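The block underneath contains the structure these notes are about, expressed in structure tokens.
The shown structure was predicted, so the numbers you read here are calculated from the model rather than taken from an experiment.
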Amino acid sequence: MDALQGQTSCGSLLQKLQLVWDEVGESDEDRDKVLFQLDQECLDVYKRKVDQALKSRDLLLQALDYSKMELARLASALGEKSIATSPEKTARTIKQQLAALAPTLEQLGKQKKERIKKFADIMSRIEQIRGEIAGNLEIGQQVPIPQINEDDLTDEKLRDFQSQLQELEKKKRERLKKVLEHVSTVQDLCSVLKMEHFSIITEVHDSLDDSVGKDHKSISNDTLSKLDRTIATLNKDKTLRLKKLQELATQLNDLWDLMDTPMEERSLFDHVTCNRTASVEEVTAPGALALDIINQAEIEVQRLDGLKYSKMKEIAYKKQTTLEDIYAGAHIVIDTAAAHDKIFALIESGNMEPTELIADMDNQIVKAKEEALSRKEILDKVERWISACEEESWLEDYNRDDNRYNSGRGAHLNLKRAEKARIQVNKIPGLVETLVAKTTSWEENHGLPFTYDGVPLLAMLDEYVMLRQEKEEEKRKMREQKRYTEQLLNIDREGPFGTRVSPYRVASAKKVPSPKPNGSVTNGSPGRRLSMSTQQNESKSSRSAGKDGKKAAAAAAPKTPASPNEAATAKEDDASIQHTDADPVPCSP
């Protein structure tokens, strides 16, 4: 519409110009000149407009090229592969193309600024952690903004920096944890050693104080190195103190044992002796290795060491009593008076240290226990043998009792004991054989005779076997005498009209008490000593007297028939003799 109005205005003006010329009477030549001039002026105006339009187009093309280059650069820097086709290709004019590129450029520009900020934050954090580890930065100190390559702001590069940051943060956490563990270790060691940990910790680094937060503690290589050296020094001190305390505790324990210190007095130093066998790692109680405790233990050791000499005689005699008890329990005879005199002489002369004397006596006690242990099996069998001999003696007394079958008080208990005694007595021969074999083996191994209360055991066993054989022979003769007496009684009882009853009771042959090896009779308990010469002769003479007495009694017996009751009584007596046929003679070990 404006162009139409412009055309209308130009035509009306030209008409007015023609009218004016007509009125003026301008010639055609002048008119042509004016018109030509007007054409030239219009052409110049058009040329200027065209030039201006061309310049404007060139500027727009330059802007379009710059925008395209900026778009490509931003896309490359940000790694935006989604912009595969240029948005300006869908537009026709240059301005349309520029308008199409503007939103994309604006969006990528914002992304670039945000990405640069992220890179700056991450890289600053990385440099800060590296500086803290290297010790170049103090905790909380800000690092300068790092130089960022704006041509490489891709997500891959960002993830690479993020991965580095994560690794450094993990390393920082591990180092912080290690620092805190070291600080805790130092505190524990100082607690055990009873030392002030604050000055030791702050000497390593001021930030290790408890008042400083965890995020502001030093994690540098230098700090960790100093902590390691501090812990090593404290552990060395702990080891030395523990070794010293254990030596003192051992000395205390030895002195207490030496002087038989009561438990009440020992309990006062439980805090010292409780760590006598502990390792360095096991000692964790606060103040357990304090210097005042070590000094206290040293003073006590010195005090007890001074008392040791005054109590040495009493202690030595107690050790000797223990040694004598062991030998007495093992039935070994020693010269106690000579041992006491020797101890007294050693203590009074001072030629031997008290500790050496007690150690020597302890060694004697150990050897005595070993010897007693080696004799234990044989001694147990000897005790069984003695017990069986005692039961044998009781059984013989029981068999000689004419009223043993009466239904009196306790008769059933005696019957049970008699049965058990017969079983026990029947085992004596096998027990004696075992004792002989084991005693012989013991003597061969030790090269010494096995004595029982000073008497050789094999001699006791040999004499027992000999007495047993003599007893068996005596029993055999008694049985023959009894059968001969019964035959005489049977002849007197028979007559022309049958059996006749004698008004007299023939005295039954009673068993003469068998002698013991020490000269006493067997109806007592066996003794503990044995004489191999005089006592044996006495037992033989005693047995001879017993035999003569039996023969005289049998000869003096009236040869009259016996009543049925008397015959039954005689059978019981014979049965009692048969019961004892297999019973050996009791001995006196």
Side-chain angles (χ1 to χ4, degrees), residues 178-204 208-211 226-319 322 353-363 365-366 369:
K178 190 174 182 180
V179 166
L180 295 176
E181 289 177 352
H182 282 7
V183 171
S184 177
T185 302
V186 171
Q187 291 176 349
D188 293 341
L189 289 172
C190 289
S191 175
V192 173
L193 300 174
K194 203 175 181 181
M195 299 172 63
E196 179 58 42
H197 74 278
F198 177 79
S199 59
I200 297 176
I201 289 294
T202 54
E203 185 178 350
V204 176
L208 301 181
D209 184 19
D210 294 337
S211 60
K226 287 182 179 179
L227 284 173
D228 288 335
R229 290 195 297 269
T230 302
I231 291 173
T233 302
L234 292 175
N235 274 325
K236 184 178 180 180
D237 291 343
K238 181 180 179 181
T239 302
L240 293 176
R241 290 192 188 185
L242 179 60
K243 182 179 179 181
K244 178 66 174 178
L245 192 67
Q246 287 178 342
E247 291 176 355
L248 292 172
T250 302
Q251 293 177 12
L252 281 175
N253 195 67
D254 293 341
L255 290 170
W256 287 337
D257 293 340
L258 193 65
M259 295 185 288
D260 292 333
T261 304
M263 294 305 298
E264 293 78 8
E265 186 175 345
R266 297 188 185 192
S267 62
L268 299 176
F269 289 87
D270 286 344
H271 58 288
V272 175
T273 57
C274 64
N275 296 319
R276 188 162 63 94
T277 58
S279 62
V280 177
E281 293 77 12
E282 293 174 345
V283 181
T284 57
L289 300 177
L291 289 175
D292 54 351
I293 292 179
I294 296 177
N295 294 333
Q296 181 186 10
E298 287 179 340
I299 294 172
E300 181 64 15
V301 168
Q302 294 174 0
R303 186 184 71 85
L304 293 177
D305 201 40
L307 294 175
K308 177 176 63 177
Y309 289 92
S310 62
K311 291 190 176 182
M312 190 52 56
K313 187 181 296 184
E314 177 184 354
I315 295 168
Y317 285 146
K318 285 184 179 180
K319 295 285 185 182
T322 302
E353 286 292 328
T355 53
E356 295 179 2
L357 175 61
I358 298 304
D360 180 67
M361 297 192 70
D362 288 336
N363 291 333
I365 290 173
V366 171
K369 288 181 179 179

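Here the straight-line distance linking atom CD1 of Ile200 with atom CG of Leu227 works out to 11.5 Å at 0.5 Å rounding. Atom-to-atom distance recorded for Glu298:CD and Leu245:CG is 9.5 Å, nearest 0.5 angstrom. Remark: Asp362 CG to Thr322 OG1 distance equals 9.5 Å, nearest 0.5 Å. Remark: Ile299 CD1 to Ile294 CD1 distance equals 12.0 Å, nearest 0.5 Å. In this structure, the separation between CZ on Phe269 and CD on Gln296 is 5.0 Å, given to the nearest 0.5 Å. Separation of atoms OG1 (Thr185) and CD1 (Ile231) is listed at 4.5 Å; rounding is to 0.5 Å.
Side chain of Thr239 to backbone of Asn235: a donor-acceptor contact under 3.5 angstrom is found. Side chain of Lys238 to backbone of Val280: a donor-acceptor contact under 3.5 angstrom is found. Side chain of Glu282 to main chain of Ser279: a donor-acceptor pair is present (N/O by atom type, distance under 3.5 Å, no hydrogens or angles). Listed for the Asn363 side chain is a donor-acceptor partner under 3.5 Å among the backbone atoms of Ala359.
Salt bridge Lys244/Glu247: absent, no basic N to carboxylate O contact under 4.0 Å. In summary, Glu203 and Lys226 do not engage in a salt bridge, as defined by a charged side-chain N under 4.0 Å from a carboxylate O.
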*Criterion side chain to side chain contact (heavy atoms under 4.5 Å, CB included) on Thr261 and Leu255, from CA distance to verdict*: CA-CA 8 Å; Thr261 304; Leu255 290 170; over 6 Å; no

_Stepwise side chain to side chain contact (heavy atoms under 4.5 Å, CB included) check, Val272 with Ile293_ = CA-CA 7 Å; Val272 175; Ile293 292 179; 3.8 Å; yes

*What's the verdict on side chain to side chain contact (heavy atoms under 4.5 Å, CB included) for Val192 and Arg241, showing C-alpha distance, side-chain angles and the deciding distance?*
CA-CA 10 Å; Val192 173; Arg241 290 192 188 185; over 6 Å; no

*Decide side chain to side chain contact (heavy atoms under 4.5 Å, CB included) for His182 and Asp228; before the verdict, give the C-alpha distance in whole Å, the side-chain angles of both, and the deciding distance to 0.1 Å.*
CA-CA 8 Å; His182 282 7; Asp228 288 335; 2.8 Å; yes

*CA sep, side-chain torsions, deciding dist, call: Arg303, Glu300, salt bridge (charged side-chain N to carboxylate O under 4.0 Å, His left out)*: CA-CA 5 Å; Arg303 186 184 71 85; Glu300 181 64 15; 2.6 Å; yes

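The side-chain heavy atoms of Thr233 and Asp237, taken from C-beta on, include a pair separated by under 4.5 Å. In this structure, Arg266 and Thr273 have side chains that are not in contact, with every pair of non-hydrogen atoms separated by 4.5 Å or more. Leu234 has its side chain within reach of Val186: a pair of non-hydrogen atoms, C-beta onward, lies under 4.5 Å apart.
Closest non-hydrogen pair, Lys194 versus Gly287, comes out as CB-CA, 4.3 Å. The minimum heavy-atom distance linking Gln246 with Thr277 is given by the pair NE2-C, 4.2 Å.
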